[in-house]
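Convention: sequence-line order gives letters A, B, ...; per-chain numbering from 1. Only this structure's heavy atoms are used, side chains among them; waters, hydrogens and symmetry mates stay out.
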2 protein chains.
Amino acid sequence: MSKTKHSKDLTKRRAQPKEVRKEQLIRATMKCIAANGLSGVTMARVTTEAGLSLGIANLHFESKERLLLETLEYVTNEYSREQLAIFNSNSYTSLAAKIEALLEFDFSSAVTDKDKMAVWFAFLGEAKSRPTYQRICSRQDSVSEAEMTALFQAAIDEGGYSGADAALIAAGYISLVDGLWLNTLVAPRRLPRKKARLAARHYLASAFPEHIMLGKN
Amino acid sequence: MSKTKHSKDLTKRRAQPKEVRKEQLIRATMKCIAANGLSGVTMARVTTEAGLSLGIANLHFESKERLLLETLEYVTNEYSREQLAIFNSNSYTSLAAKIEALLEFDFSSAVTDKDKMAVWFAFLGEAKSRPTYQRICSRQDSVSEAEMTALFQAAIDEGGYSGADAALIAAGYISLVDGLWLNTLVAPRRLPRKKARLAARHYLASAFPEHIMLGKN
DNA sequence: CATACCTGAATGAACGGTCATTCATTAATT
DNA sequence: AATTAATGAATGACCGTTCATTCAGGTATG
């Protein structure tokens, strides 16, 4: 109960550009979802978390539904953008280096941030019954899967791995990562982040033994 | 608007033993979660789905929270019980057959039923913020992981696979299956059940090449 | 066999609490 | 002074829960 909590000082109320407030509210929403679950999110909690007044969310977002949707988009867009940057980069000296980079990215602390993962899985849990959530969640998945398949195919060609199915390996990798994230989120003691990353590395190493080695890390 | 819908015929009101009504309500709750998401479940919807009156759920379960909890337990217990039966069975003629059986079970139509998976992931999505959900979701996981590790270790010994880590392979398999289920649930077009099962089979085949073959199925 | 009585399952109107949304008012900025 | 941002009390809708009432099936009585 510190007095300066959230600096809810009325004399300091400052008008801020829309974009600043929106991001502030989205971050508060992420925290609320992680702390209370999607069904525990209320406008009062979000605005208190943001240190602002109750009405502010409806001022910048037209409704609670929109706030939630934009929060989901914030998380998914960030991931897609950064992953796509790796796919499109030509600064990696080898296929192996690019695959390694994707692996490190998927288990970086930025991506495995508890709040962000909580948001992601909270929406996925409702996705089956809400077409809008489903659409946002899968918007980039096809692109991502295609990029990954192409990359894996290149590795297969380069390594001369016979009979390997790039599309299937890619689909498996994507699902494996989803599952590892989920288990790390729900039971971090049983599956700490490092063990999760190691499991993913094993998967890639057994698919591309010439490219991904197990010794390092 | 058919007249016989749900046989809501007042002249047919019959007292039923508690257990019958409870199961009826749990099934209705599963349907509601699949159709409306966890946050869209209301007592009115559940009881209408069951073809009963509003007050009935509070009569047999002390509260909505308890109804939801028992629904989650219904799904998790069913899975654990049947999986454990496979682990404990001694009617399989080989380790390979038992591993195959576990794989077939995980992708059987009973387990990959949309309603059941929707229930499972709806609760997992909220699990981080609700200790009770988390406890029920992970109650059997440790047992299951230990059983699987022991089985995989036996396969490693039998096949003479050097340097393989049974615990890591088991953790990876469990997460892979979770991820495949999730993707199958959310985007069945992109990942149909058969493709999901094939991806899981590939994982096992590359870990235990002497035991699991790719040719069949 | 008929009838009265009892038990407890089932019902659904009514209640009260929670929460998203609105908007009159106030404050900051130009 | 005009404009734009922010506030938070008030509103109304929704929903979980309660409980007086209804009714089916069983048991006792004559």
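Atom CD of E65(A) is separated from atom C1' of dC14(D) by 16 Å (rounded to the nearest Å). Between the CE atom of M43(A) and the P atom of dA6(D) there is a distance of 15 Å, given to the nearest Å. One interatomic measurement links the two molecules: CZ of F61(B) to C1' of dA9(C), which rounds to 15 Å at whole-angstrom precision. Atom CZ in R45(A) sits about 9 Å away from atom P in dA20(C), given to the nearest Å. dT26(C) atom P lies 18 Å from atom CG of L59(A), rounded to whole Å. Between the CZ atom of R21(A) and the C1' atom of dA5(D) there is a distance of 8 Å, given to the nearest Å. Nucleotide dA6(D) holds its P atom 4 Å from the CD1 atom of I56(A), rounded to whole Å. When the C1' atom of dA10(C) is taken as reference, atom NZ of K18(B) falls 12 Å away, rounded to whole Å.
Ring-plane geometry between Y203(A) and Y203(B) is classed as parallel, the angle between the planes falling under 30 degrees on a 0 to 90 degree scale with a further cut at 60. By the 30° and 60° cut-offs, the orientation of the rings of Y79(A) relative to F105(A) is parallel.
Within 4.0 Å (heavy atoms only), V41(B) reaches sugar-phosphate atoms of the nucleic acid but no base atom.
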Go through the steps to decide whether E145(B) and S142(B) satisfy the test side-chain contact (heavy atoms from CB on, under 4.5 Å), and finish with yes or no.
CA-CA 5 Å; E145(B) 188 167 341; S142(B) 298; 5.9 Å; no
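When the side-chain nitrogen and oxygen atoms of H60(B) are compared with OP1 and OP2 of dA9(C), none of them lie within a distance under 4.0 Å.
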Taking only nitrogen or oxygen atoms into account, show me every contact under 3.5 Å that the protein makes with nucleotides 13-18 of chain C, one pair per line with its distance.
none

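Proximity of the aromatic rings of F121(A) and F121(B) is defined here by a centroid distance below 6.0 angstrom, and this criterion is not met.
Atom-to-atom distance recorded for N36(A):CG and S129(B):OG is 6.5 Å, nearest 0.5 angstrom.
Note that the two end axes of the helix from dC1(C)-dG30(D) to dT30(C)-dA1(D) enclose an angle of 10°, each drawn from 5 base pairs, rounded to 10 degrees.
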